[in-house]
Amino acid sequence: MIDDTARVIQAQHGSEEAFTELVETYQSHVYNLCYRMLGEPEAAEDAAQETFLRAFQHLHRYDPRRPFATWLLSIAAHYCIDRIRRRKFSFISLDQEEEHDAPELPDAEAAKPEDEAVRREQQEQMQGAIRKLDSVDRAAIVLRYWHDCSEAEIAETLNLTVSAVKSRLHRARRELAGYWPTEERQPSRGRRPHESPAF
Amino acid sequence: MNHRPFEDWLLEDRPLSGREQRELQVHLHSCPSCAAIAESNLALHSAHLTPAPTGFADRFNQRLARWRRRQRWYQVLGTLVLVIGGLTVLYTVAGTVVRQALQSPADWITAATVYLVFAVESLRVLNEVGRILLRDLRGFVSPLSWMVVSLGGVGLALAWAVSVRRLVRARQGV
């Protein structure tokens, strides 16, 4: 089994096969980040492919002491943040963005169809809510909860300090709760799987 | 307990002790704003990765191939522009000189000979001066001093090389 560093070194020496293996390994991570950031499958695929292309072009600048995933996600996050900022200048409103449906693929691990339906509904609500966040806060939230990154990793990925990440996550959680549908504001009922530690 | 600590616990999203959890549960029954944070935190914690669409890597390879073709085309175009530009400049600058030289070959052969003789003579004079200086200085400066000066020179050269290397080292990251 060849590890990432060996593949990166092979790719740095011109092996396209090694780079393709890296693409196959990280495609879902990069695609998911782009999808959560941009909210549209087509834009997400384009952004994810652009991320890999930029990684390929700048492979000689990759520091092997850093995890490859962090480096890739950093490129993807900055690309998506730029794209969102450009979109704002193009005067595309958030309402227009929300018109795009966010398709959720079925979860193979889901035990019951009704649980899966609830989960999908919840995820769609969450996708709608995170689209209203500032682009950097959005990236921080996606990296924290979809990619299980630590605050230090998020700081490294987004070129922020750890305290700035903490403050952005804090603010983003407050905003998300504000955007959460009012009918959902029911008192919590017992502990659920994947429950927040703050319960 | 008032509302503030519960909200802070939820917004920090940190692990709670058993006692804190029980207190929070009681508070959530009476506080809709904390319940909203708790619900959205729950949704965040049950987030799943959305897999990349089928054929993503193949489409990337096609995009990479297109990029390579475009790069090759830019290289060819750049080379053509450089060659044509260089030839134009050469023709403009050197054309006049070449034309004049072709019109009167005797003049430029004479000028070239004078330059050649001047260069050879200058080298000979410099060589002679250096030899005399070395012969006379040898009597004034001890071998130890020569060694110290030489080592100092080598040290300075090394320091210069290291500084240049550090300055030009490629920056990491994109």
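So you know, we letter chains A, B, ... as the sequences are listed, proteins then strands, and number each from 1. Predicted model, so just to flag it, every value in this text is computed and none were measured. Just the heavy atoms: all of them, side chains too, but no hydrogens, waters or symmetry mates, feed the values below.
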* Run the side chain to side chain contact (heavy atoms under 4.5 Å, CB included) check on Trp146(A) and His48(B) step by step: do they pass? -> CA-CA 6 Å; Trp146(A) 273 268; His48(B) 284 71; 5.7 Å; no
* Between Ser28(A) and Pro51(B), what is the shortest heavy-atom contact and its length? -> OG-CA, 3.5 Å
* Asked: Between the side chain of Thr50(B) and the main-chain N/O of Asn32(A), is any donor-acceptor distance below 3.5 Å?
  -> no
* Asp46(A) bridged to Arg63(B) by N-O distance under 4.0 Å -> yes
* Look up atom CG in Asn61(B) and atom OG1 in Thr20(A), then write down how far apart they are to the nearest 0.5 Å. => 4.0 Å
* **Salt-bridge present (Arg174(A), Glu7(B); N to O < 4.0 Å)** => yes
* **Interatomic spacing from CG in Leu11(B) to NE2 in His170(A) - rounded to 0.5 Å** => 4.5 Å
* To do: Indicate if Leu72(A) and Ile9(A) have the same hydrophobic cluster label, given that clusters are the connected sets of ILVMFWY residues with side-chain heavy-atom separations under 4.5 angstrom.
  => no
* To do: Classify the ring geometry between His45(B) and Tyr145(A) as parallel (under 30°), tilted (30 to 60°) or perpendicular (over 60°).
  => perpendicular
* Around atom CH2 of Trp67(B), are there more than 12 heavy atoms of other residues, nucleotides or ligands at under 6.0 Å? -> yes
* In plain terms, say whether Glu16(A) and Arg68(B) are close enough for a salt bridge, that is, a side-chain N and a carboxylate O under 4.0 Å apart. => yes
* Validation row: Tyr31(A), Pro53(B) side chains within 4.5 angstrom (heavy atoms) -> yes
* Out of curiosity, does Val30(A) fall in the hydrophobic cluster containing Leu59(A) (side-chain heavy atoms, cut-off under 4.5 Å, transitive links)? -> yes
* chain B contact via Ala44(A) - side chain, backbone, both or neither, heavy atoms under 4.5 Å -> neither
* Does any heavy atom of chain B fall under 4.5 Å from the side chain of Phe56(A), the backbone, both, or neither of them? -> side chain
* Asked: Of all of His29(A), Glu24(A), His147(A), Glu50(A), which one pairs up most often with chain B through heavy atoms under 4.5 Å apart?
  -> Glu50(A)
* Is a side-chain donor or acceptor of Trp180(A) paired with a backbone partner of Ile37(B) at a separation under 3.5 angstrom? -> no
* Is there a chain of hydrophobic side chains (I, L, V, M, F, W, Y, each step under 4.5 Å between heavy atoms) that links Leu123(B) to Tyr115(B)? -> no
* To do: Please examine the side chains of Arg173(A) and Leu10(B), heavy atoms only from C-beta on, and report whether any two atoms are closer than 4.5 Å.
  => no
* Compute the ring centroids of Phe19(A) and Phe60(B), then answer whether they are less than 6.0 Å apart. => yes
* Structure fact -> dist Met126(A):CE -> Ser40(B):OG (nearest 0.5 Å) comes out at 5.5 Å
* Nearest-0.5 Å distance, CG of residue Leu53(A) to CZ of residue Arg66(B) -> 9.5 Å
* Any Lys/Arg nitrogen of Arg59(B) or Glu45(A) sitting under 4.0 Å from an Asp/Glu carboxylate oxygen of the other? -> yes
* Do Val23(A) and Phe56(B) touch side chain to side chain, with heavy atoms closer than 4.5 Å? -> yes
* To do: Report yes or no: do Leu143(A) and Tyr79(A) belong to one cluster of Ile/Leu/Val/Met/Phe/Trp/Tyr joined by side chain heavy-atom distances under 4.5 Å?
  => no
* chain B contact via Ile141(A) - which portion, at a heavy-atom distance below 4.5 Å -> side chain
